[in-house]
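The structure appears below as structure tokens.
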Amino acid sequence: MCDEETINKPSDFIREAVAEDLKNGRFNYVRTRLPPEPNGYLHIGHVKAFMIDYLIAKENGGELILRFDDTNPAKEETEFVEAIMDDARWLGIEWVKVTYASDYFDELYEWAKKLVMMGKAYVDDQTPEEVSANRGTLTEPGKNSPFRDRDVEENLDLLERMKNGEFPDGSRILRAKIDMAHPNINMRDPAMYRIIHEPPHHRTGSKWKIYPMYDWAHGQNDSMEGITHSLCSLEYENHRPLYEWFPEQLGVFKPRQIEFARLNLTYTVMSKRKLRRLVEEKHVSGWDDPRMPTLRAMRRRGYTAEAIHDFIRRVGVAKNYSVSDVSLLEACVREDLNKTSLRRMAVIKPLKVVIDNYPEGQTEEMDAVNNPEDPNAGTRKVPFSKVIYIEQDDFRETPPPKYYRLFPGNEVRLRYAYFIKCTHVVKDDKDEVVEVHATYDPTTRGGDSADGRKVKSTIHWVSAAHAKEAEIRMYDRLFTKEDPEEGDEGFLACINPNSLQILTGYVESHLAAPEAGSRYQFERLGYFCADPDSTSEKPVFNLTVNLKDAWAKLEKKSGK
RNA sequence: UGGGGUAUGGUGCAAUGGCAGCACACCAGCCUUUGGAGCUGUGGAUCUUGGUUCGAAUCCAGGUACCCCAGCCA
């Protein structure tokens, strides 16, 4: 009955509201805005907001404006403007223009004067402490400022002099005159402008000595740009009465603000402050450390934009406070990479295997499939010889129950090569197995036996003589607790000491000189992405996400 | 003890008065030259108490829990 388009079209309370606004004529077009503050790098939490703004505009034939919210020179830098645009472009977000809150400082100032002339705003000479004390509490009303009823001329004069830098920081503010007894504290004569002499603004330099507060700037910028839907997170719900009050007084275009729950992820912290601590206190190597939830880090780690889009789509949009499971993100990454990435063989914890009955000095070229999910990816030749490396996990001297891999007397398949059977091992003086010996069956070339004999396991390998040494960076969750902020010790107390393991392994020759950013599946291990740290001497690979591992799960369950 | 919000399987999201469904996770099986992928199947949820109704996750009333707000941050 219903066609697929109807079924697959995302639907949520915001899209419904937008559709309703269009239908009933409140607006006859859709324009949204992306309002990042250029004071840090984008993280996965921002992506949800970005996708909502971008897609809702796009779905309605509307447009998106990228507007940097640069109203506080103390915190903002041009460096972040560039980084944010780079990340947003990588995500595939398109905007019709880039603007800055600071583009509107002049006009905004005129609007402020208009409010002053209307008797709706005044200059307050109280100290910050007095302003705070007179604001009242959650349960008690505030007290009017003694400067609240200054006449218009004086207010105008003072405001102009504030702008000209005649007064020191913190000595005066411009306030909207609303209601000091309002039950919503945001309506108790909120500050509109504060005095800031230093540092210079990243775009307007030293022109301005006063800067608008978020509540004053953001909504008016929305109005000036003809934004129809100003979509933001739940904590701004309390600000909506103020958001609507200003344009109402001014008699200007009134956008509609709609709030939704921000994205949270298990085993992750998302606040800029906490992320900054991780970087500054060197718990990670930087903002692009692959363990970080920043987009730069996720890109470096090998996540695709498609997988991230899919994740955001599956998380949905609602007003519930929620914490999404990071395993959903990982599932999205696996699903995308499974279809697209080339398979390669790599051994990350090598164990030497000598095939005693294989001719010394002989090399064969084995045919290997590049991607079983994609026939067009073709095949490649992989060299095989007498001495190979296999994964330490793929050999046990004394196998536990249900262990199908290599152990003395057992036969397994070397992927795309031969069946081999373990004959004996060589140990060092610490009783550790350092070398495994085996024999191969020449009639099983390619991996199929002539007599129909079955093996229970197929393992990967690389030829010792042809392998390239590589650095493998194995990443795990940065925190050991689902909610790192839970408890009294703070998030730094539950940092996972094993979130990064650096291994030296061997990769097949096709991986000897990878292009940075190229993605592969290392068979039976996981998805890996070549890191920019790679050199011609030694390639470096980051674990993007591991493959699901039924054996590891089984072993864990049996209480290893 | 003010105001604004939110409550549906373990997690996230649907169901807009008419059989509570989807995804991830979990569990079992099939298949497999990746213990991957794929396929099949099982289990498990409407915060609570009343009310309206033939029928309530949905409407009404009361309660409970949790989140946000007292920056000259955004």
Side-chain angles (χ1 to χ4, degrees), chain A residues 11-13 16 35-37 39 69 71-72 74-76 124 126-128 131-133 135-142 169-175 182-188 190-196 210-211 213-215 217-218 232-241 259 261 263 266 272 311 313-332 334-335 338-339 343 345 368-369 372-373 402-405 413-417 419 444 446-448 455-460 482 521-526 546-555:
Chain A
S11 176
D12 52 66
F13 77 100
E16 281 170 15
E37 184 188 14
N39 72 342
D69 226 328
T71 56
N72 187 348
K75 297 166 76 173
E76 295 142 7
D124 192 349
Q126 292 183 103
T127 64
V131 169
S132 177
R135 186 156 20 232
T137 69
L138 295 178
T139 53
E140 298 158 318
D169 286 14
S171 58
R172 287 181 165 84
I173 52 175
L174 182 73
R175 292 230 254 176
H182 202 286
N184 180 340
I185 292 181
N186 294 131
M187 300 295 273
R188 317 236 265 229
M192 294 168 63
Y193 280 104
R194 74 289 213 186
I195 300 169
I196 301 177
I210 59 173
Y211 290 90
M213 299 290 290
Y214 166 86
D215 279 315
H218 190 89
C232 59
S233 54
L234 249 28
E235 69 257 38
Y236 292 102
E237 211 152 16
N238 295 327
H239 294 248
R240 197 168 64 223
E259 312 83 10
L263 177 74
T266 54
K272 278 179 194 166
F311 171 67
R313 186 182 58 75
R314 292 205 229 182
V315 159
V317 182
K319 294 190 73 160
N320 267 1
Y321 172 85
S322 59
V323 183
S324 292
D325 197 331
V326 72
S327 66
L328 176 60
L329 210 208
E330 293 171 347
C332 293
R334 286 194 193 97
E335 188 175 307
N338 175 50
K339 292 188 206 118
R343 311 293 127 122
M345 289 203 283
V369 173
E373 304 291 322
K402 298 270 180 73
Y403 188 85
Y404 304 144
R405 280 112 93 145
R413 173 166 39 233
L414 294 177
R415 178 145 236 227
Y416 300 126
F419 285 11
T444 56
D448 288 307
V455 289
K456 294 204 81 168
S457 182
T458 299
I459 65 174
H460 62 275
E482 242 187 55
Q521 184 198 94
F522 289 1
E523 295 228 18
R524 302 208 308 133
L525 295 174
N546 62 315
L547 248 25
K548 279 203 262 180
D549 188 343
W551 166 247
K553 194 185 279 182
L554 219 188
E555 197 179 29

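Lettering follows sequence order; numbering is per chain, from 1.
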Separation of [X] atom [atom1] from [N] atom [atom2], in whole Å?
| X | N | atom1 | atom2 | value |
| --- | --- | --- | --- | --- |
| A/Y211 | B/rG71 | OH | C1' | 18 Å |
| A/F311 | B/rC13 | CZ | C1' | 12 Å |
| A/Y321 | B/rC69 | OH | C1' | 16 Å |
| A/Y404 | B/rG35 | OH | C1' | 8 Å |

What's the gap between [N] and [M] when it is taken at their [atom1] atoms, as a whole Å value?
| N | M | atom1 | value |
| --- | --- | --- | --- |
| B/rG21 | B/rG43 | C1' | 16 Å |
| B/rG44 | B/rC24 | C1' | 15 Å |
| B/rG4 | B/rU40 | P | 49 Å |
| B/rG71 | B/rA14 | C1' | 39 Å |
| B/rA7 | B/rC59 | P | 11 Å |
| B/rG12 | B/rG51 | C1' | 33 Å |
| B/rG9 | B/rA70 | C1' | 39 Å |
| B/rC60 | B/rC67 | P | 26 Å |

Once you apply a heavy-atom cut-off of 4.0 Å, does [X] come out as touching a base, just sugar-phosphate, or nothing?
| X | result |
| --- | --- |
| A/R188 | nothing |
| A/T137 | base |
| A/F522 | nothing |
| A/R334 | nothing |
| A/E330 | nothing |
| A/L234 | nothing |
| A/R314 | sugar-phosphate |
| A/V455 | nothing |
| A/P141 | nothing |
| A/E523 | base |
| A/V323 | sugar-phosphate |

Nearest of [options] to any side-chain atom of [X]?
| X | options | answer |
| --- | --- | --- |
| A/R405 | B/rG35, B/rU34, B/rG10 | B/rG35 |
| A/A318 | B/rG5, B/rC13, B/rU34 | B/rC13 |
| A/K548 | B/rA70, B/rA37, B/rC13 | B/rA37 |
| A/L328 | B/rA23, B/rA25, B/rA70 | B/rA23 |
| A/T139 | B/rG35, B/rC24, B/rG2 | B/rG2 |
| A/E16 | B/rG35, B/rA15, B/rC13 | B/rA15 |

Rounded to the nearest 0.5 Å, how far apart are [atom1] of [X] and [atom2] of [Y]?
| X | Y | atom1 | atom2 | result |
| --- | --- | --- | --- | --- |
| A/R172 | A/I195 | CZ | CD1 | 7.0 Å |
| A/R524 | A/Q521 | CZ | CD | 11.0 Å |
| A/E76 | A/N39 | CD | CG | 6.5 Å |

Check the phosphate of [N] against [X], side-chain N and O only, distance under 4.0 Å to OP1 or OP2. Yes or no?
| X | N | answer |
| --- | --- | --- |
| A/T266 | B/rU11 | no |
| A/N338 | B/rU34 | no |
| A/N184 | B/rG2 | no |
| A/N238 | B/rG3 | no |
| A/K553 | B/rC26 | yes |
| A/K456 | B/rG35 | no |

Could you check whether any side-chain heavy atom of [X] comes within less than 4.5 Å of a side-chain heavy atom of [Y], counting everything from C-beta outward?
| X | Y | result |
| --- | --- | --- |
| A/R175 | A/V131 | yes |
| A/L234 | A/Y321 | no |
| A/R343 | A/H460 | no |
| A/F13 | A/V317 | yes |

Partners of A/D215 by side chain to side chain contact (heavy atoms under 4.5 Å, CB included), sequence neighbours excluded? A/H239, A/L242
Determine if the base of B/rG71 is syn or anti; take syn to mean the glycosidic torsion is within 90° of 0. syn
Donor-acceptor pair, distance only, cut-off 3.5 Å: does the side chain of A/S324 make one with the backbone of A/V315? no
Could you write out RNA chain B as a dot-bracket string, with dots for unpaired bases, | for bases paired across to another strand, and Watson-Crick or G-U pairs counted at under 3.5 Å? .((((((..((((....[..))))..((((.......)))).....(((((..]....))))))))))).....
Of the non-hydrogen atoms in [X] and [Y], which two are nearest, and what is the gap between them?
| X | Y | answer |
| --- | --- | --- |
| A/D549 | A/A552 | OD1-N, 3.0 Å |
| A/Y416 | A/A368 | CD1-CB, 3.4 Å |
| A/T71 | A/Y211 | O-CB, 3.4 Å |

Distance-only polar pair, side chains of A/D325 and A/S327, donor-acceptor under 3.5 Å: yes
Indicate, yes or no, whether a donor-acceptor pair under 3.5 Å links the base of B/rG36 to the side chain of A/E373. yes
All N/O contacts under 3.5 Å from nucleotides 72-74 of chain B to the protein, with atom names and distances to one decimal?
{"from": "B/rC72", "atom 1": "OP1", "to": "A/R135", "atom 2": "NH2", "distance (Å)": "3.0"}
{"from": "B/rC72", "atom 1": "OP2", "to": "A/R135", "atom 2": "NH1", "distance (Å)": "3.2"}
{"from": "B/rC72", "atom 1": "N3", "to": "A/G170", "atom 2": "O", "distance (Å)": "3.3"}
{"from": "B/rC72", "atom 1": "N4", "to": "A/Q126", "atom 2": "O", "distance (Å)": "3.1"}
{"from": "B/rC72", "atom 1": "N4", "to": "A/P128", "atom 2": "N", "distance (Å)": "3.2"}
{"from": "B/rC72", "atom 1": "N4", "to": "A/G170", "atom 2": "O", "distance (Å)": "3.0"}
{"from": "B/rC73", "atom 1": "OP2", "to": "A/R194", "atom 2": "NE", "distance (Å)": "3.0"}
{"from": "B/rC73", "atom 1": "OP2", "to": "A/R194", "atom 2": "NH2", "distance (Å)": "3.0"}
{"from": "B/rC73", "atom 1": "O3'", "to": "A/R194", "atom 2": "NH2", "distance (Å)": "3.1"}
{"from": "B/rC73", "atom 1": "O2'", "to": "A/N72", "atom 2": "ND2", "distance (Å)": "3.4"}
{"from": "B/rC73", "atom 1": "O2'", "to": "A/K75", "atom 2": "NZ", "distance (Å)": "2.8"}
{"from": "B/rA74", "atom 1": "OP1", "to": "A/T71", "atom 2": "OG1", "distance (Å)": "2.6"}
{"from": "B/rA74", "atom 1": "OP1", "to": "A/R194", "atom 2": "NH1", "distance (Å)": "3.3"}
{"from": "B/rA74", "atom 1": "OP1", "to": "A/R194", "atom 2": "NH2", "distance (Å)": "2.9"}
{"from": "B/rA74", "atom 1": "OP2", "to": "A/Y214", "atom 2": "N", "distance (Å)": "2.9"}
{"from": "B/rA74", "atom 1": "O3'", "to": "A/D69", "atom 2": "OD2", "distance (Å)": "3.4"}
{"from": "B/rA74", "atom 1": "N6", "to": "A/H239", "atom 2": "NE2", "distance (Å)": "3.3"}
{"from": "B/rA74", "atom 1": "N3", "to": "A/Y236", "atom 2": "OH", "distance (Å)": "2.7"}

When the nearest nucleotide of RNA chain B is assigned to A/I185 and to A/H182 on a heavy-atom basis, which residue is associated with the more 5' position? A/H182
